[in-house]
Amino acid sequence: MRGLLLAITLLAVPWPQALAQSAGKPKVLILEATAYTSSVRETDSTPHITATGARTRLGILAVSRDLLEILPFGTKVRLKDLGTVYGRGKGQFDALFKDIVFVVADVMNARWRRKVDVWLPDRATALRFGRRKVQLEVVAYPE
């Protein structure tokens, strides 16, 4: 009976997803986040094109180069606003984030470590975003 239950359980588990999640890659990370826009002073000479060739839009996420190992291009994530690095304004951007699945499609300057950069459509919103802590939950790793 025990063997039958184990066999049924094993058949019910979607193996590729189970293996991808258990392959040493984290499911949830707490990281520092900033925001950027498509201005030349914040990007390179192609401000509307990401490192993967995608067009910038709400839902594009840039990661520091050290995070590309665990959050490769194409990784889909959800973000939760944990407030500024000083602990203020928790949840202020959750309304903006709630229905968006972000895609890792860009990379930050080499000087940054353990950070993500959220693309926002205008400079005023990006400045209001400032430096925040976010909870990043992986929805899906690229195949």
Side-chain angles (χ1 to χ4, degrees), residues 4-143:
L4 180 61
L5 183 59
L6 179 61
I8 291 171
T9 304
L10 291 175
L11 290 174
V13 173
W15 278 102
Q17 291 89 354
L19 292 175
Q21 291 172 3
S22 64
K25 294 186 178 183
K27 188 76 170 149
V28 176
L29 296 167
I30 306 296
L31 298 166
E32 185 176 324
T34 51
Y36 74 108
T37 64
S38 290
S39 71
V40 174
R41 71 180 182 190
E42 296 177 57
T43 62
D44 61 13
S45 61
T46 55
H48 295 282
I49 306 298
T50 68
T52 60
R55 191 126 175 99
T56 54
R57 61 174 170 73
L58 194 56
I60 292 292
L61 192 68
V63 298
S64 56
R65 293 167 197 268
D66 61 323
L67 291 177
L68 278 175
E69 273 184 35
I70 56 175
L71 297 171
F73 290 132
T75 302
K76 294 178 181 172
V77 302
R78 289 196 188 277
L79 298 178
K80 183 177 179 184
D81 178 13
L82 301 179
T84 67
V85 292
Y86 306 108
R88 295 188 293 266
K90 181 177 181 179
Q92 184 177 353
F93 286 85
D94 281 343
L96 180 64
F97 294 164
K98 74 175 183 166
D99 294 326
I100 298 176
V101 173
F102 289 83
V103 177
V104 175
D106 213 349
V107 67
M108 297 174 72
N109 188 293
R111 71 178 178 263
W112 301 115
R113 297 277 178 265
R114 294 201 51 83
K115 287 180 77 171
V116 295
D117 218 0
V118 179
W119 185 88
L120 292 174
D122 63 90
R123 184 166 166 75
T125 306
L127 289 172
R128 203 168 57 249
F129 186 85
R131 283 178 44 219
R132 310 183 81 73
K133 294 284 184 186
V134 293
Q135 176 182 306
L136 180 145
E137 178 187 359
V138 175
V139 174
Y141 286 104
E143 294 180 10

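Side chains included, hydrogens not; waters and symmetry mates left out as well; all remaining heavy atoms used. Numbers for residues simply follow the sequence, beginning at 1.
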Subject >> CA sep, side-chain torsions, deciding dist, call: Val77, Val116, side-chain contact (heavy atoms from CB on, under 4.5 Å) >> reply: CA-CA 12 Å; Val77 302; Val116 295; over 6 Å; no
> Stepwise, does the side-chain contact (heavy atoms from CB on, under 4.5 Å) test hold for Leu31 with Lys133?
Replying inline: CA-CA 6 Å; Leu31 298 166; Lys133 294 284 184 186; over 6 Å; no
Practice task
Kindly write out the residues that satisfy salt bridge (Lys or Arg N to Asp or Glu O under 4.0 Å) with Asp117, not counting sequence neighbours, or none if the list is empty.
Solution key: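 With sequence neighbours excluded, Asp117 shows a salt bridge (Lys or Arg N to Asp or Glu O under 4.0 Å) to no residue whatsoever.
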Exercise for the section: For Arg114, check salt bridge (Lys or Arg N to Asp or Glu O under 4.0 Å) against everything at least two apart and list the hits. Expected result: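 Result, salt bridge (Lys or Arg N to Asp or Glu O under 4.0 Å) vs Arg114: none returned.
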Tell me every residue that passes side-chain hydrogen bond (donor to acceptor under 3.5 Å, both in side chains) with [X], counting only those two or more places apart in sequence or in another chain.
X: Asp94; answer: none
X: Arg65; answer: none
X: Trp112; answer: none
X: Thr84; answer: none

Using a 4.5 Å cut-off on heavy atoms from C-beta on, say whether the side chain of [Y] contacts that of [X].
X: Phe129; Y: Asp81; value: no
X: Val63; Y: Thr75; value: no
X: Leu96; Y: Leu58; value: yes
X: Val134; Y: Lys80; value: no
X: Leu61; Y: Leu79; value: yes
X: Pro142; Y: Phe73; value: no
X: Val118; Y: Arg132; value: no
X: Asp122; Y: Thr37; value: no

Closest non-hydrogen atom pair between [X] and [Y], with its separation:
X: Arg131; Y: Tyr86; value: NH1-OH, 4.0 Å
X: Ala51; Y: Asp106; value: N-OD1, 3.0 Å
X: Ser64; Y: Arg113; value: OG-C, 3.6 Å
X: Ile100; Y: Gly59; value: CG2-CA, 3.7 Å

Interatomic spacing from [atom1] in [X] to [atom2] in [Y] - rounded to 0.5 Å:
X: Phe97; Y: Gln92; atom1: CZ; atom2: CD; answer: 10.0 Å
X: Arg78; Y: Phe102; atom1: CZ; atom2: CZ; answer: 10.0 Å
X: Arg123; Y: Tyr36; atom1: CZ; atom2: OH; answer: 15.0 Å
X: Gln135; Y: Ile30; atom1: CD; atom2: CD1; answer: 4.5 Å

Self-check item: Note: Lys115-Glu32 ion pair, threshold 4.0 Å (strictly below)
Solution: yes
Start with the C-alpha gap between Val104 and Leu67, add the side-chain angles, then the distance that decides, and say whether side-chain contact (heavy atoms from CB on, under 4.5 Å) holds.
CA-CA 10 Å; Val104 175; Leu67 291 177; over 6 Å; no
* Ignoring hydrogens and angles, tell me if any N or O in the side chain of Thr50 forms a donor-acceptor pair with the backbone of Ala105 under 3.5 Å. => yes
